[in-house]
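Just follow the structure's listing: the first ligand is 1, and inside any ligand the first atom is 1.
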Amino acid sequence: MPKQKIVHNPVLLREVLHLLAPKAGESYLDLTAGLGGHAGAILELTRAPKQALLIDRDPEAVKMLKKKFKDIDILQSDFLAASQELVERGKRFDLILADLGVSSLHFEQALRGFSFVRPGPLDMRMDNSQHLTAGEIVNHWDEQKIANLLKNYGEEPKSRAVAAKIVTNRPIHSTDQLAKVVASTYRFRSKTHPATRTFQALRIAVNDELAQIQDSLPLMLQLLEPGGRLAVISFHSLEDRLVKQAFKEAAGQGYEAEIRLLSKKPITAKAEEIALNPRARSAKLRAVAKIKT
Ligand SMILES: C[S@@+](CC[C@H](N)C(=O)[O-])C[C@H]1O[C@@H](n2cnc3c(N)ncnc32)[C@H](O)[C@@H]1O
């Protein structure tokens, strides 16, 4: 099969650079380096950083990162395990970025099974050495468990009906087959494809995305040097809620505050960026700085 060309625009790049304000020599940790778009721009500004580490759980992304950044440390790991280890080793960074979710590498490659627009296998693993796939959930989990997953991770209003359709139509082997089954639950078309929520829910479950974020956020704050900045970009309300809550708790009150918020409200993409990159539409950027004392 011919290789698909991956088009990549790092989301909210200008805004990330404005809030992180990288300076020459500062250390940098990218927890979701992906195709290295943000990392490239940040590393240009830090020039010779004291320390730089790029992390991604996807082996294919790591392979591309290694080609692009020859002299930088690159690690294939999920960011929870990596943050735990870095905290244990007493590491600290001036700049930390977590640009959550999936990359164009996932959506644009049919074989990865993330997109219902491109027929592919029901996979959705960011790290393909993991055991659980979307196909396993769709074809082997019981109906109630699937309904709960669709409700909790997809905010699917017809979670029970969609789960029932899935179970009746098993076995389901491909993304397009699943999309059709989900769409058949809906009589009327809306602006977003009815399978969007189901695909989001499956992806979150397969990659354990929310637990990864919730458990990592306090570690990300610990990993900041005094005066260091952390930026997190989320792509749906379930992620953003976790980020907002963790930052609110750490910003606390008066002398107890560990961090200060660099923007009161989340920053979203401007119309020009959305026109070029529709995925930017749902992006929300929050950033904090660690208080020096
Ligand atoms: C939105 S993309 C990042 C794009 C990147 N900022 C760039 O400019 O190319 C998200 C990346 O995070 C990775 N990822 C998602 N969750 C992860 C996790 N829990 N641990 C490590 N990497 C993760 C994905 O594999 C994907 O490559």
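On a distance-only criterion, I55 and ligand 1 share no N/O pair closer than 3.5 Å. Distances between N or O atoms of L35 and those of ligand 1 include at least one value under 3.5 Å. Remark: ligand 1 and G36 share an N or O pair separated by less than 3.5 Å (distance only, no angle test). Distances between N or O atoms of D30 and those of ligand 1 include no value under 3.5 Å.
Annotation: atom 19 (N) of ligand 1 to nearest protein heavy atom, Q212 OE1, 2.8 Å. Residue, atom and distance of the protein heavy atom nearest to atom 26 (C) of ligand 1 are D56 OD2, 3.4 Å. Atom 5 (C) of ligand 1 has as its closest protein heavy atom A33 O, 3.4 Å. The protein non-hydrogen atom at the shortest distance from atom 1 (C) of ligand 1 is V102 O, 3.2 Å. For atom 22 (N) of ligand 1, the closest heavy atom belonging to the protein is R57 N, 3.2 Å. Of the protein's non-hydrogen atoms, the one nearest atom 20 (N) of ligand 1 is F79 N, 2.7 Å. Nearest protein neighbour of atom 4 (C) of ligand 1, counting heavy atoms only, is D99 OD2, 3.3 Å. Protein heavy atom closest to atom 16 (N) of ligand 1, with residue, atom name and distance, is M126 SD, 3.6 Å.
Sorted by first then second residue, the salt bridge (charged side-chain N to carboxylate O under 4.0 Å, His left out) pairs that include residues 190-201, not counting sequence neighbours, are E156-R197. Residue pairs meeting the side-chain hydrogen bond (donor to acceptor under 3.5 Å, both in side chains) criterion with at least one partner in residues 15-36, sequence neighbours excluded, are E26-R229, S27-D94, Y28-D30.
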Could you walk me through whether E273 and N277 pass the side-chain hydrogen bond (donor to acceptor under 3.5 Å, both in side chains) test, one step at a time? CA-CA 6 Å; E273 180 173 358; N277 178 13; 4.6 Å; no
I would like to know whether Q245 and E249 meet side-chain hydrogen bond (donor to acceptor under 3.5 Å, both in side chains); could you show each step before the answer? CA-CA 6 Å; Q245 188 58 32; E249 271 167 28; 3.1 Å; yes
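Using a 4.0 Å cut-off between charged nitrogen and carboxylate oxygen, D58 and R112 count as a salt-bridge pair. For the pair R125 and D123, the salt-bridge criterion is met [side-chain N within less than 4.0 Å of a carboxylate O].
Two residues are said to be in side-chain contact when any heavy atoms from C-beta on lie closer than 4.5 Å; F114 and Q109 fail this criterion. Residues R203 and Y153 are not in side-chain contact: their nearest non-hydrogen atoms beyond the backbone lie 4.5 Å or more apart.
With a heavy-atom cut-off of 4.0 Å, S77 touches ligand 1 through its backbone alone. Looking at H106 against ligand 1, only its side chain comes within 4.0 Å, counting heavy atoms.
Not a single heavy atom of I233 sits closer than 4.0 Å to an atom of ligand 1. Residue S216 places no heavy atom under 4.0 Å from ligand 1.
Residue contact check: D78 has heavy atoms under 4.0 Å from atoms 20 (N), 21 (C) of ligand 1. Under a 4.0 Å criterion applied to the non-hydrogen atoms of L31, ligand 1 contributes the atoms 21 (C), 22 (N). Below 4.0 Å from some heavy atom of G37 lie the following atoms of ligand 1, by number and element: 7 (C), 8 (O), 9 (O). Contact atoms of ligand 1 toward L100: 1 (C) (distance under 4.0 Å to a heavy atom of the residue). Close approach of ligand 1 to G101 (heavy-atom distance below 4.0 Å) involves ligand atoms 10 (C), 11 (C), 12 (O), 13 (C), 14 (N), 15 (C), 24 (C), 26 (C). When each atom of ligand 1 is checked for a heavy atom of D58 under 4.0 Å away, the hits are 25 (O). Close approach of ligand 1 to P10 (heavy-atom distance below 4.0 Å) involves ligand atoms 8 (O).
Defined by atom type and a distance below 3.5 Å, a donor-acceptor pair is missing between the side-chain atoms of Q212 and N207. For S237 and E155, the side-chain atoms include at least one donor-acceptor pair closer than 3.5 Å.
Note: H193 and F116 have tilted aromatic rings, judged against thresholds of 30 and 60 degrees for the angle between ring planes.
Side-chain atoms of K290 come within 3.5 Å of backbone atoms of L221 as a donor-acceptor pair (strictly under, hydrogens ignored). Proximity of a side-chain donor or acceptor of N139 to a complementary backbone N or O of I172 within less than 3.5 Å is detected.
Because its NZ or CZ atom is both nearer than 6.0 Å to the ring centre of Y186 and within 45° of the ring axis, K158 counts as a cation-pi partner of that residue.
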